[in-house]
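Comments concern the structure below.
Source: prediction; values computed, not measured. If you read the sequence from its start, that first residue is 1, and numbering goes on from there.
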Amino acid sequence: MSPVIITYSEAETRRIIEQAINLAVSNVINRTLSYDSLIDINYNNNGEIQTMSANQYEINSITREIIKEAQIEMQTLGEDGLRLNIGTMTGIPFLIGRGPTIGLRLVPIGAVSSDFVSEFDSVGINMTKHMLYLYINIHVSIVMPIKSYDVYSTNQVMLAESIIVGKVPEVYLNGGSIGEALDLVP
């Protein structure tokens with residue numbers, strides 16, 4: 001097998017994986033996804049956020065749908081195959097993209113898994129940014145007539161983001177201690 005064919009096949013497989021994930025995420029998220037459906041927020045008597053909890057049922061449901069859609073999209077990899085110019089197969093730089101094309105049939109064997117991550121990030125004295133991410137991990141083994149190889153891809157998808165605003169503190173030490181603040185007094 002020409003290294004050019006393997007490199008081209010791997011690059012095309014990665015492109016198809018990215019396209020499959022993007023289509024799957026777009027199809028699922030455009031339906032009914034909202035921050036409020038993913039996170040349950042409880043307030044105290046003063047209207048301040050007391051607790052936040054993930055709606056695991058909804059998150060798992062969305063994750064399952066995205067994985068299912070991505071697997072369906074991945075099936076087209078084997079059906080469509082790859083088209084490669086004969087000039088490209090030679091590996092000679094000035095012949096790349098030239099000549100008639102031939103079809104390569106690939107047999108994809110793969111798996112899709114996911115991880116859900118919730119992150120909090122300070123964005124000001126009284127503000128916190130909350131982000132919900134879905135990491136989609138895809139492993140595809142491409143089986144060709146003489147050789148097979150593995151393609152791994154991990155994609156990060158932001159499901160939701162929100163800014164939580166709290167009270168402005170009377171004293172702000174920017175992460176320092178009271179002892180450090182007292183050292184500044186003349």
Side-chain angles (χ1 to χ4, degrees), residues 4-43 49 51-85 88 96-97 101-124 127-144 147-165:
V4 174
I5 295 173
I6 294 171
T7 302
Y8 176 80
S9 300
E10 184 175 340
E12 187 66 12
T13 301
R14 287 189 189 283
R15 184 192 66 77
I16 291 170
I17 288 171
E18 297 291 327
Q19 183 178 357
I21 289 172
N22 288 337
L23 288 171
V25 168
S26 178
N27 290 342
V28 173
I29 288 180
N30 285 341
R31 291 184 203 152
T32 59
L33 184 67
S34 70
Y35 186 83
D36 294 335
S37 68
L38 300 175
I39 299 295
D40 296 322
I41 301 173
N42 297 313
Y43 299 91
I49 295 176
T51 62
M52 296 175 63
S53 59
N55 182 342
Q56 291 299 324
Y57 176 78
E58 187 67 24
I59 290 169
N60 289 336
S61 175
I62 289 169
T63 301
R64 274 191 309 275
E65 283 186 58
I66 289 174
I67 289 174
K68 179 182 168 188
E69 292 266 341
Q71 287 173 330
I72 291 169
E73 293 293 334
M74 289 293 297
Q75 290 300 320
T76 62
L77 176 61
E79 295 169 5
D80 294 347
L82 302 174
R83 305 290 303 163
L84 187 63
N85 295 82
T88 302
I96 292 176
T101 60
I102 61 166
L104 297 175
R105 187 167 183 272
L106 303 176
V107 179
I109 303 167
V112 180
S113 65
S114 67
D115 295 313
F116 179 77
V117 176
S118 177
E119 291 182 5
F120 290 91
D121 189 21
S122 176
V123 292
M127 293 184 286
T128 302
K129 180 168 45 170
H130 181 224
M131 298 153 294
L132 301 172
Y133 292 106
L134 180 64
Y135 289 88
I136 302 170
N137 310 303
I138 295 184
H139 167 225
V140 176
S141 294
I142 300 298
V143 180
M144 297 170 74
K147 182 176 175 134
S148 66
Y149 60 94
D150 295 327
V151 176
Y152 297 93
S153 177
T154 298
N155 299 338
Q156 175 185 358
V157 177
M158 180 180 282
L159 295 178
E161 178 182 69
S162 181
I163 300 292
I164 303 164
V165 179

Any chance you could measure [X], atom [atom1], to [Y], atom [atom2], to the nearest 0.5 Å?
X: Asp36; Y: Glu58; atom1: CG; atom2: CD; value: 11.5 Å
X: His139; Y: Thr154; atom1: NE2; atom2: OG1; value: 11.5 Å
X: Asn155; Y: Ile21; atom1: CG; atom2: CD1; value: 3.5 Å
X: Glu12; Y: Ile16; atom1: CD; atom2: CD1; value: 4.5 Å
X: Glu119; Y: Thr128; atom1: CD; atom2: OG1; value: 13.0 Å
X: Leu134; Y: Ile59; atom1: CG; atom2: CD1; value: 9.5 Å

Can you confirm whether [X] sits close enough to [Y] that some side-chain heavy atom of one is under 4.5 Å from a side-chain heavy atom of the other?
X: Ile66; Y: Val157; answer: no
X: Glu69; Y: Leu23; answer: no
X: Asn55; Y: Leu38; answer: no
X: Ile49; Y: Tyr43; answer: yes

For the pair Glu18 and Arg15, find out whether any cationic side-chain nitrogen is under 4.0 Å from an anionic carboxylate oxygen.
->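 No, this pair does not count.
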
Taking all non-hydrogen atoms of both residues, which atom of [X] and which atom of [Y] are closest, and how far apart?
X: Gln156; Y: Tyr133; answer: NE2-CE2, 2.7 Å
X: Ala70; Y: Ala20; answer: O-CB, 4.0 Å
X: Ala54; Y: Ile39; answer: CA-CD1, 3.9 Å
X: Asn85; Y: Gly97; answer: ND2-O, 3.5 Å

Out of Val112, Asp115, Ile67, which one pairs with Asn137 under the side chain to side chain contact (heavy atoms under 4.5 Å, CB included) rule?
->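 Per the side chain to side chain contact (heavy atoms under 4.5 Å, CB included) rule, the option paired with Asn137 is Asp115, out of Val112, Asp115, Ile67.
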
